[in-house]
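See structure below.
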Amino acid sequence: MTTKEKIISFVWQHLLLLVSLYMMTLGVVLCVKSCLGSSVISSLPFVFSLAGATGAVPAWTIGGYTIAMNFVLVFCQIIILRKRFDPMQLFQLAIGFVFGWLIDVNMFLTSGIECSGLLSQSLVQLAGCTVMGIGIAFEVRCGSVTMPSEGISIVISQVTHRPFAKVKIAVDTTLVCLAVAGCYIFFGSWQWNVIGIGTIFAMIYVGLVVRFVSPHLGWFDRLLAYIPGFRRYLFGLARLVYRFGDSSKR
């Protein structure tokens with residue numbers, strides 16, 4: 001593969017990663033909108049964003065606090081691994097930033113969604129978890145740097161020699177427990193719209209969606225590998241624009 005092909009491959013891979021992150025964040029936002037309980041990854045940022053509205057902490061958005069949390073998770077990886085930390089993993093900061101930014105984008109785009117009853121709440125929660133699961137399956141297939149929440153789980157698994165699946169459950173549980181603690185610290189009570197039945201549903205159902213969807217992503221693999229055609233398309237489009245501009249001058 002030539003240098004140009006490697007660059008095009010990298011760009012194409014991360015354009016598809018961006019699509020995957022968008023789907024994941026759309027799922028996160030729909031879970032928040034359902035008011036039945038947010039997803040694990042957004043539970044702690046959701047608590048802080050609500051506390052920010054009361055003036056207890058800085059008034060950042062869910063996306064803003066998600067970015068902050070992702071930066072903390074990467075920093076924890078550096079502390080744990082020290083000299084063994086691969087500098088390439090700092091790219092997690094960029095992924096974490098885009099993820100948080102896309103949450104705010106989707107919060108704006110879905111601002112018109114309001115759940116007025118249990119049926120609409122359940123449907124929105126189901127849709128959110130389904131879209132999130134598909135987005136995660138795509139993100140894993142892209143083969144880029146992992147999300148910070150997954151990165152910290154991988155690091156802890158490597159250091160403790162524990163299975164990744166068990167460590168991931170422990171990390172997710174820790175985030176939920178911190179969110180519950182935040183509810184009591186900031187509001188003095190459990191906030192069911194933040195940590196509710198929807199949160200438990202998401203913890204189980206999203207994994208099932210990923211497991212179901214993953215074996216059927218051969219078409220996505222072919223899309224990822226469609227780099228030469230993509231290059232010819234770009235070059236062909238550039239030549240067409242050039243010729244059109246050249247003919248218009250005559």
Side-chain angles (χ1 to χ4, degrees), residues 21 24-77 79 92 95-97 99-104 106-107 110 113 115 121-122 124-129 131-133 135-136 146-156 165-207 209-210:
L21 293 177
M24 291 170 63
T25 55
L26 177 59
V28 167
V29 169
L30 289 176
C31 290
V32 170
K33 292 286 184 176
S34 75
C35 295
L36 290 179
S38 61
S39 62
V40 171
I41 193 64
S42 63
S43 57
L44 189 57
F46 193 11
V47 171
F48 272 86
S49 67
L50 293 176
T54 67
V57 293
W60 295 355
T61 60
I62 297 179
Y65 275 111
T66 299
I67 293 172
M69 182 185 71
N70 285 331
F71 275 51
V72 170
L73 292 176
V74 175
F75 182 66
C76 289
Q77 295 177 46
I79 292 177
Q92 290 182 45
I95 300 297
F97 177 85
F99 187 84
W101 176 72
L102 285 175
I103 286 179
D104 285 342
N106 278 309
M107 285 294 290
T110 60
I113 296 179
C115 299
Q121 288 178 303
S122 300
V124 170
Q125 180 77 27
L126 178 63
C129 290
V131 172
M132 193 191 315
I136 291 173
T146 61
M147 289 283 296
S149 58
E150 296 172 357
I152 188 66
S153 299
I154 293 172
V155 167
I156 294 175
K166 292 184 177 180
V167 173
K168 185 69 169 67
I169 292 174
V171 170
D172 288 349
T173 303
T174 300
L175 291 176
V176 172
C177 289
L178 289 174
V180 172
C183 289
Y184 281 99
I185 291 172
F186 296 125
F187 309 107
S189 63
W190 192 297
Q191 301 297 299
W192 290 100
N193 62 318
V194 179
I195 308 294
I197 187 65
T199 306
I200 299 175
F201 176 74
M203 293 177 71
I204 299 172
Y205 179 73
V206 171
V209 172
V210 174

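Quick caveat: nothing in here was measured; it's all calculated off a predicted structure.
Counting only heavy atoms from C-beta outward, the side chains of V209 and C129 never approach each other to under 4.5 Å. The shortest side-chain heavy-atom distance between F99 and I67 does not fall under the 4.5 Å cut-off.
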Exercise. Can F48 and I62 be said to form a side chain to side chain contact (heavy atoms under 4.5 Å, CB included), step by step?
Worked result: CA-CA 8 Å; F48 272 86; I62 297 179; over 6 Å; no
Problem set entry | Chi angles and distances behind the side chain to side chain contact (heavy atoms under 4.5 Å, CB included) call for N193, L36 | CA-CA 5 Å; N193 62 318; L36 290 179; over 6 Å; no
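Note that the CD atom of E150 and the CD1 atom of I95 stand 11.0 Å from one another [nearest 0.5 Å]. Rounding to the nearest 0.5 Å places SG of C31 at 9.5 Å from CG of L26.
For Q191, the side-chain hydrogen bond (donor to acceptor under 3.5 Å, both in side chains) criterion is met by S189, not counting sequence neighbours. Scored by the side-chain contact (heavy atoms from CB on, under 4.5 Å) test, I154 finds T146, Q158, F164 as partners (sequence neighbours excluded). Residues that satisfy the side-chain hydrogen bond (donor to acceptor under 3.5 Å, both in side chains) test with Q77, not counting sequence neighbours, are Q92. Under the side-chain contact (heavy atoms from CB on, under 4.5 Å) criterion, I156 pairs with I80, I152, T160, V167, V171, not counting sequence neighbours. Among residues two or more places apart in sequence or in another chain, the side-chain contact (heavy atoms from CB on, under 4.5 Å) test is passed with W190 by V180, Y184, W192, I195. I200 meets the side-chain contact (heavy atoms from CB on, under 4.5 Å) test with I204; sequence neighbours excluded.
Across V40 and M203, no two heavy atoms sit closer than the pair CG2-CG, 3.3 Å. The minimum heavy-atom distance between M24 and I136, with the atom names listed, is CG-N, 3.6 Å. The nearest pair of heavy atoms linking A179 to V47 is O-CG2, 3.6 Å. In this structure, G52 and A59 approach most closely via the heavy-atom pair O-CB, 3.6 Å. Considering all non-hydrogen atoms of both residues, S153 and K168 come closest at OG-CD, 3.3 Å. What you find for L44 and L175 is that their closest heavy atoms are CB-O, 4.4 Å.
Listed by first then second residue, pairs satisfying side chain to side chain donor-acceptor pair (under 3.5 Å) with a partner in residues 49-76 read T61-D104, not counting sequence neighbours. Here side chain to side chain donor-acceptor pair (under 3.5 Å) pairs that include residues 25-47, with residues two or more places apart or in two chains, are T25-N106, S34-Q125, S39-S42.
The 12-atom threshold is exceeded at CZ of F186, counting heavy atoms of other residues, nucleotides or ligands nearer than 6.0 Å.
A side chain to side chain contact (heavy atoms under 4.5 Å, CB included) with I103 holds for exactly one of I41, V29, L21, V32; it is V29.
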